[in-house]
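Report on the structure given below.
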Amino acid sequence: KMFPAEGKNTPAIRFKGFTDAWEQRKLGEVFDYERPDAYIVKSDKYSDFYSTPVLTANKGFILGYTDEHRVCNRECIIFDDFTLDSKYVTFPFMVKSSALKILTVKSGYYLPFAYKLLQATKIEVLGHARHYIGVVQFTKAYIPNNKEQCKIGGFLEQLDNLITLHQRK
């Protein structure tokens, strides 16, 4: 309920003080993307003795650890072009496959909110095709102003942290 229902431009539940209508944007207006070529590991000989995580956007997330150091070292979203899976990443990493896109946000957008928006948006699946350039960038979603993005994104981050803490117990 934090995002507008289909056909609506505002969600049913809002934080106090926010009344502006959300604006429809293409996801390509929100995200910048980068191919991961510079961060692909040369060797898949992983070891727990190494320090650099090798990531995938699917359920496995961390495939292993490498001693290679051409890392992507910025807060971002890794997005699997085939499965549409995504993960929010806040630490240096490398990847195994070029089937990922590395997503960051353009000025005026808040990455934690944009990540949840990406997960909540219905994206047309075209079978085993690369989706980001042909489909995802053109998919439309309603987006609030930056202050409301920060409020929602911060709330959802706290909720995720609380869930993680409870799962550890």
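Numbering starts at 1 and runs along the sequence shown.
- Annotation: side chain to side chain contact (heavy atoms under 4.5 Å, CB included) contacts of K59 (sequence neighbours excluded): none.
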Could you pull out every donor-acceptor pair under 3.5 Å between side chains of residues 132-144 and any protein atom, sequence neighbours left out?
unit_1 : atom_1 : unit_2 : atom_2 : d
Q137   : NE2    : I133   : O      : 3.2
T139   : OG1    : V135   : O      : 3.0

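- With values rounded to the nearest 0.5 angstrom, C76 atom SG is found 9.0 Å from F91 atom CZ.
- Applying the side chain to side chain contact (heavy atoms under 4.5 Å, CB included) rule to S107 yields no partners; only residues at least two apart in sequence or on another chain are considered.
- For an aromatic pair to be called close, the ring centres must be under 6.0 Å apart, and Y33 with F79 fails this.
- Put simply, F113 and I123 are part of the same group of oily side chains (I, L, V, M, F, W, Y) that touch within less than 4.5 Å, one to the next.
- Put simply, NE2 on H69 and CG on D67 are 6.0 Å apart, with the number rounded to the nearest 0.5 Å.
- F93 and L111 fall into different hydrophobic clusters, where Ile, Leu, Val, Met, Phe, Trp and Tyr residues are linked whenever their side-chain heavy atoms come under 4.5 Å apart, directly or through other members.
- Here the OG atom belonging to S97 is positioned 10.0 Å from the CG atom belonging to D37, to the nearest 0.5 angstrom.
- Taken to the nearest 0.5 Å, the CE atom of M94 stands 8.5 Å off from the CD1 atom of I40.
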For D81 and K101: C-alpha separation, side-chain torsions, deciding distance, then whether side chain to side chain contact (heavy atoms under 4.5 Å, CB included) applies. CA-CA 7 Å; D81 239 354; K101 294 287 188 271; 3.0 Å; yes

Start with the C-alpha distance between L117 and L27, add both sets of side-chain angles, then the distance that settles side chain to side chain contact (heavy atoms under 4.5 Å, CB included), and finish with yes or no. CA-CA 9 Å; L117 176 72; L27 292 178; 4.1 Å; yes

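- To the nearest 0.5 Å, atom OH of residue Y115 and atom NZ of residue K87 are 6.0 Å apart.
- Annotation: side chain of P36 is in contact with side chain of I102 (closest heavy-atom distance under 4.5 Å).
- Taking the side chain to side chain contact (heavy atoms under 4.5 Å, CB included) definition, one finds that A57 meets it with I78, D80, D85, L100, sequence neighbours left out.
- By the 6.0 Å contact criterion, NZ on K106 is enclosed, its count of non-hydrogen atoms from other residues, nucleotides or ligands being greater than 12.
- Tracing side-chain contacts under 4.5 Å through hydrophobic residues (I, L, V, M, F, W, Y), one never reaches L63 starting from V95; they form parts of separate clusters.
- Y88 approaches P112 most closely through the heavy-atom pair OH-CG, 3.3 Å.
- Applying the side chain to side chain contact (heavy atoms under 4.5 Å, CB included) rule to T19 yields no partners; only residues at least two apart in sequence or on another chain are considered.
- Side-chain contact between F15 and E148: absent, with no pair of heavy atoms (C-beta onward) separated by less than 4.5 Å.
- Note that CG of D32 is 9.0 Å distant from CG of L103, once rounded to the nearest 0.5 Å.
- When all heavy atoms of H131 and E124 are compared, the pair lying nearest together is CD2-O, 3.5 Å.
- Placement of Y65 and Y46 in two distinct hydrophobic clusters is found when ILVMFWY residues are connected by side-chain heavy-atom separations under 4.5 Å, directly or transitively.
- In this structure the side chain of P11 never reaches within 4.5 angstrom of the side chain of F3, judged on heavy atoms.
- By the rule that hydrophobic residues join a cluster once side-chain heavy atoms approach within less than 4.5 Å of another member, I77 and V105 end up as members of one cluster.
- Within the 4.5 Å cutoff, the side chain of V54 has no heavy atoms near those of the D44 side chain.
- Proximity of a side-chain donor or acceptor of R14 to a complementary backbone N or O of D20 within less than 3.5 Å is detected.
- At least one donor-acceptor pair closer than 3.5 Å links the side chain of T52 to the backbone N or O of E68.
- The shortest non-hydrogen separation linking S86 to Q119 is OG-CG, 3.9 Å.
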Considering only distance and modelled atom types, tabulate donor-acceptor pairs under 3.5 Å from the side chains of residues 156-169, sequence neighbours left out.
unit_1 : atom_1 : unit_2 : atom_2 : d
E157   : OE1    : Y110   : OH     : 3.4
D160   : OD1    : K116   : NZ     : 3.4
D160   : OD2    : K116   : NZ     : 2.7
N161   : ND2    : E157   : O      : 3.4
T164   : OG1    : D160   : O      : 3.0

